[in-house]
There are 2 protein chains.
Amino acid sequence: MADLNNLLSPFFLNDKEVRKVIELLFFSYRDFTSGPDKILEKLNFGRAHHRVIYFVGKKNHITIKELLGVLQITKQSLSRVLNQLVNEKFIIVSTGFDKRTKKLSLTEKGKKLENELSTIQINKIRGVINEFSEEDINGFKQILYEMIEVDNKKTFQEIND
Amino acid sequence: MADLNNLLSPFFLNDKEVRKVIELLFFSYRDFTSGPDKILEKLNFGRAHHRVIYFVGKKNHITIKELLGVLQITKQSLSRVLNQLVNEKFIIVSTGFDKRTKKLSLTEKGKKLENELSTIQINKIRGVINEFSEEDINGFKQILYEMIEVDNKKTFQEIND
DNA sequence: TAATTAAGTCAATATGGCTGACCTAAATAA
DNA sequence: TTATTTAGGTCAGCCATATTGACTTAATTA
């Protein structure tokens, strides 16, 4: 009977309940980014710098084009932020096999910052999901994944090859 | 034995897996806000306007101070956005019982826009969670809630009285 | 009456996006 | 081989959203 109920009409949240989810996303995402924001501020960096550092750390030798695909900003926007990171020696650039391309890597200084920023978010997530079951955590990840648009799901898969 | 395993050592995600969660949050939040962003653009509004409209819609007669508490921005930042919304007749202002305070409300025009924006996000969430069990959805909400800082949990509770 | 509170305003600054126009060098297709 | 496409860069200007600091007004509360 319990299964039947679920088969015939999936669990339904009314508008009021769905709005709570909207708010949970807003509040949780803001607090999720606030930790790194404080560290970045001291370096006169912003969240844009964090994203670049994160994804260069994620995929060593990532090209400008790939990075633009992940971040979905214009190259002019990326350029300003990336040049700062290169000038301040958080990132080094080398030439690819295809000599038109450039490969980005974190320097030791960059790795140190990446680690500092990511550790905050990793610990935050770990602290939270520690209290939940494997099923809850898998459900959480799956729901977030399904909220991503099709094209960006591909991007997510690609950076996790 | 299965329970014992869970009791002794809770389900553990290694750094690589937690990093996937970081990315899922980044991608999903970006796509979550992209729908409304397109509509707002036509009106020469941004996400800041959306937030104001959302929370005024959520709590009719909200005061400036309360709104500042929810949004956590400076009153100078709020002022610019709010004045635009008032000038363009999406929001009306009245005086509170305490005559120092102001009470904000959506006009019919404001309600229409609020509905248009929220419907996109409500449908998106509903479309996703439709595929999941009640347990998964509750887990999802609880995990998001636990990611919120203590003080902001209070704010979340307050706006949902 | 004095202090506090809610709200507003002026000015300057920083960040992070955008568009448009234009350029170079390298790879690839005709 | 020439033409086209691709990867990347750059200059200029614009807009949105946030900040800090200083100051004001009016109303409430101590």
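Keep in mind that what you see is a predicted model, and the values were worked out from it rather than measured. So that the names make sense, note that chain A is the first sequence line, chain B the second, and so on, each numbered from 1.
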Exercise for review: May I have the distance from B:D37 (atom CG) to C:dG16 (atom C1'), rounded to whole angstrom?
Suggested key: 14 Å
Point to revise | Verdict with supporting geometry, B:N160 and A:E23, side chain to side chain donor-acceptor pair (under 3.5 Å) | key: CA-CA 10 Å; B:N160 280 297; A:E23 292 149 28; 3.0 Å; yes
Check your understanding: Got a donor-acceptor pair under 3.5 Å from the side chain of A:R80 to the base of C:dG17?
Key -> yes
Review point. Of all the nucleotides listed (C:dA27, C:dG17, D:dT19), which has the minimum atom distance to the side chain of B:T74?
Key: D:dT19
**Study point:** Separation of D:dT17 P from B:L85 CG (nearest whole Å)
**Key:** 10 Å
Practice item. Answer yes if the ring centres of A:F45 and A:F90 are under 6.0 angstrom apart, and no otherwise. Key: yes
Exercise for review: Measure from the side-chain heavy atoms of B:A48 and tell me the nearest of C:dA6, D:dT17, C:dA7.
Suggested key: D:dT17
Practice item. Using heavy atoms to find the nearest nucleotide of DNA chain D for A:Q76 and A:T101 separately, return the residue whose nucleotide is more 5′. Key: A:T101
**Study point:** salt_bridge(B:K111, B:E108) N-O dist < 4.0 Å
**Key:** yes
Review point. What is the nucleic acid contact for B:Q72, judged by heavy atoms within less than 4.0 Å: base, sugar-phosphate only, or nothing?
Key: sugar-phosphate
Check your understanding: Less than 6.0 Å separating the ring centroids of B:F26 and A:F55?
Key -> yes
Review point. Taking only N and O in the side chain of B:H49, is any of them less than 4.0 Å away from OP1 or OP2 of D:dT17?
Key: yes
Review point. Want to settle it: does A:R100 or A:V81 sit nearer the 5' end of DNA chain C, counting the closest nucleotide to each?
Key: A:V81
Exercise for review: Tell whether B:K75 reaches the base of C:dA7 with its side chain through a donor-acceptor pair below 3.5 angstrom.
Suggested key: yes
Practice item. Kindly assign one of parallel, tilted or perpendicular to the pair B:F156 and B:Y145, based on the angle between their ring planes and the thresholds 30° and 60°. Key: tilted
Practice item. Calculate the interatomic distance between B:L40 atom CG and D:dC15 atom C1'; express it in whole Å. Key: 15 Å
Point to revise | Interatomic distance, A:K103 NZ vs D:dG8 P [rounded to whole Å] | key: 12 Å
Study note, to complete from the structure: Of C:dT4, C:dT9, D:dA18, the nucleotide closest to the side chain of B:R51 is D:dA18
Exercise for review: Would you indicate, yes or no, if D:dT17 has its OP1 or OP2 atom less than 4.0 angstrom from a side-chain nitrogen or oxygen of B:S77?
Suggested key: no
Review point. Rounded to whole angstroms, how far apart are CZ on A:R47 and C1' on D:dT19?
Key: 14 Å
Study note, to complete from the structure: Rounded to whole Å, CG of A:L68 lies from C1' of D:dG8 at a distance of 9 Å
Point to revise | Nearest-angstrom distance from the residue atom NE2 of B:H50 to P of D:dT17 | key: 13 Å
Point to revise | Distance, rounded to the nearest Å, where A:D98 contributes CG and D:dG8 contributes P | key: 8 Å
Practice item. With the side chain of B:N44 defined as its heavy atoms from C-beta on, choose the nearest nucleotide among D:dT17, D:dA16, C:dT4. Key: D:dA16
Point to revise | A:N83, nearest nucleotide to its side chain (from D:dA18, D:dG8, D:dT10) | key: D:dT10
